[in-house]
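A short write-up of the structure that comes next.
In what follows, every chain begins at residue 1, and chains take the letters A, B, ... in the order their sequences are listed.
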There are 2 protein chains.
Amino acid sequence: MVTLSEENYLKTIFHLGRHDKASVSTNAIAQKMETKASSATDMIKKLSEKGLVDYQKYKGVQLSENGRLAAISVIRKHRLWEVFLVNKLSFSWDEVHEVAEQLEHIKSEKLTLELESFLDYPTQDPHGDPIPDSNGSIPSTQKLLLAKVKQGHQCICVGVKDSSSEFLKYLDKYKIALGSQIKVISKEAYDESMTVKINDIQKTISKEVAQNLFVKTN
Amino acid sequence: MVTLSEENYLKTIFHLGRHDKASVSTNAIAQKMETKASSATDMIKKLSEKGLVDYQKYKGVQLSENGRLAAISVIRKHRLWEVFLVNKLSFSWDEVHEVAEQLEHIKSEKLTLELESFLDYPTQDPHGDPIPDSNGSIPSTQKLLLAKVKQGHQCICVGVKDSSSEFLKYLDKYKIALGSQIKVISKEAYDESMTVKINDIQKTISKEVAQNLFVKTN
DNA sequence: ATAAATTTTTAGTCTTATCTAAACTTTAAG
DNA sequence: CTTAAAGTTTAGATAAGACTAAAAATTTAT
Ligand SMILES: [Mn+2]
Ligand SMILES: [Mn+2]
Ligand SMILES: [Mn+2]
Ligand SMILES: [Mn+2]
């Protein structure tokens, strides 16, 4: 039995440890969870006793195999629910996260499987993030930040790095969505802004925007 | 802010006080909640302080207007989710309750409204129970127990009083469902069993069954 | 290499929701 | 009307999860 709070910690540890495989620090966990380091330490001990993380005092934590599977299961549910909210109910992509944070904790294997089937086995959520399958495998997609694309190249928007409501609303405002064709017209060295052509409309976007859009080159 | 546990107590008090408008006893609440009377007393005090129930020591509780609305909101969500599980995912009516017990606590007004719309504004759940509307009004349906129907009369099954998995599976086994036509052939005074014709098949059912099926006479 | 700064852990407290045991109130019998 | 039984509340304890303040370990800087 994994509690709701434990699930949230596991998810956070998973996301923090996703790229570099080094161990995750207590402070980093506390910061992401918007709690205090002492609370994180308490929870880490509990997760360690349950065999969900490997922990050495002062050296941070890493998910164990069971912990990894538990984290992925929660992320799977989160993303499936986000697809449901956008595709079946009329939520927009900036409204789904908060509700999915609640729905991801519903415990029913059958529900998850039936929901997945009802949604026709989606492979990614409304923000372009991959949906793990029922075995915990995460489909890999090669994507890069728009900021890395060279001048003159054409690409297609496949995801967002920042999925905050503010950023998503900014994208909506300028009709930038998953699937949008983007051509890099020019890049400004000074402030790392870039001029791009999106949906045949030319626009200059800031470094902040270019560093939070994932694209795939054609 | 009403906690998950408070919501469950409110729901229980609502159901216990549904028919007789007398106040609900501590013991009755504790029993339904599968907890101890002392725990119920603690919670009652908390609900009373929040203005959700009217409470006098040793005299039991009654829901206040706010408490009633909070309880109905939870029941509304419970029943809408049950409809979703049966109509959209392939759950059977004996599998939905446990999952709905979790889903009923998801807090999102928009989710509830969109779900209701997605389901085409159902007025009853898979067990024949009415679904409150967004204002908290509960559609009333005149129904009576099959046990009360006189010999020779024809009626139609419109709900179950006991919605336990065991009873629902029994009904499935004999192809008794909402909408089934039932004619009372004869009644046995000794054990209150009755012989009925359901879907053109004659069958004798026990008092237990007849007292847990709601019907509407034609 | 030592001191200072930072990070992490521990100790002790708080809140929510639960429990047992004991005390108190109400109800039912005699 | 008094006593026994049943129902209810209080007192004190526990577990989960969080917090503050203080101690300990590690890292960084002089
Ligand atoms: Mn999300
Ligand atoms: Mn997402
Ligand atoms: Mn139910
Ligand atoms: Mn129901």
Side-chain angles (χ1 to χ4, degrees), chain A residues 1-14 16-17 20 22-63 66-67 70-71 74 101-102 104-107, chain B residues 1-17 20 22-63 67 70-71 74 101-102 104-107:
Chain A
M1 231 277 92
V2 183
T3 69
L4 184 146
S5 194
E6 288 167 356
E7 286 187 340
N8 283 333
Y9 273 93
L10 290 172
K11 208 175 36 147
T12 293
I13 296 167
F14 179 88
L16 288 171
D20 45 295
S23 63
V24 177
S25 76
T26 302
N27 255 3
I29 296 168
Q31 198 178 324
K32 258 277 180 72
M33 293 290 297
E34 298 183 69
T35 183
K36 296 299 155 76
S38 54
S39 305
T41 300
D42 286 345
M43 183 54 85
I44 288 165
K45 282 184 189 164
K46 190 143 64 95
L47 294 174
S48 177
E49 270 160 32
K50 289 195 177 185
L52 296 166
V53 298
D54 297 322
Y55 170 54
Q56 282 175 271
K57 268 193 199 176
Y58 295 100
K59 300 291 162 101
V61 286
Q62 278 185 286
L63 291 177
N66 281 343
V74 177
E101 283 292 307
Q102 299 178 62
E104 70 188 6
H105 301 290
I106 303 293
K107 285 171 178 58
Chain B
M1 232 275 93
V2 183
T3 69
L4 185 147
S5 194
E6 288 167 356
E7 286 187 341
N8 283 332
Y9 274 93
L10 289 173
K11 207 174 39 148
T12 293
I13 295 167
F14 179 87
H15 283 130
L16 288 171
D20 46 295
S23 63
V24 178
S25 78
T26 303
N27 255 4
I29 295 168
Q31 198 178 326
K32 258 276 180 73
M33 293 289 298
E34 297 183 73
T35 185
K36 297 299 157 77
S38 54
S39 306
T41 301
D42 286 344
M43 183 56 84
I44 287 165
K45 281 184 190 163
K46 191 144 63 96
L47 294 173
S48 177
E49 271 160 32
K50 289 195 177 187
L52 296 166
V53 299
D54 298 320
Y55 171 54
Q56 282 176 270
K57 268 193 198 179
Y58 296 99
K59 300 291 164 97
V61 287
Q62 277 184 288
L63 290 178
V74 177
E101 284 291 308
Q102 299 179 62
E104 70 188 5
H105 301 290
I106 302 293
K107 284 170 178 59

Looking at side-chain heavy atoms only, is the closest gap between Glu104(B) and Asn8(B) below 4.5 Å?
yes

So Ser5(B), base contact, sugar-phosphate only, or nothing? Heavy-atom distance under 4.0 Å.
sugar-phosphate

Tyr55(B) vs dT9(D): side-chain N/O to OP1/OP2 distance below 4.0 Å
yes

For Glu7(A) and Val74(A) the tightest heavy-atom approach is CD-CG2, 3.7 Å

Between dT20(C) and Ser38(B), counting only base atoms on the nucleotide and side-chain atoms on the residue, is there a donor-acceptor pair under 3.5 Å?
yes

Applying a 4.0 Å non-hydrogen cut-off, can you work out what Thr26(B) is touching in the nucleic acid: base, sugar-phosphate, or nothing?
sugar-phosphate

Base of dT10(D) paired with side chain of Thr41(B) (donor-acceptor, under 3.5 Å)
no

So, OP1 or OP2 of dT10(C): does either fall under 4.0 Å of a side-chain N or O from Lys57(A)?
yes

With the side chain counted from C-beta on, respond yes when Tyr55(B) and Lys57(B) share a heavy-atom pair under 4.5 Å apart, and no when they do not.
yes

Check whether any side-chain heavy atom of Ile13(B) lies under 4.5 Å from a side-chain heavy atom of Leu47(B), and answer yes or no.
yes

Between C1' of dT18(C) and CG of Leu4(B), the distance in whole Å:
14 Å

Look at the side-chain N and O atoms of Lys59(A) and state whether any lies under 4.0 Å from the OP1 or OP2 oxygen of dT8(C).
no

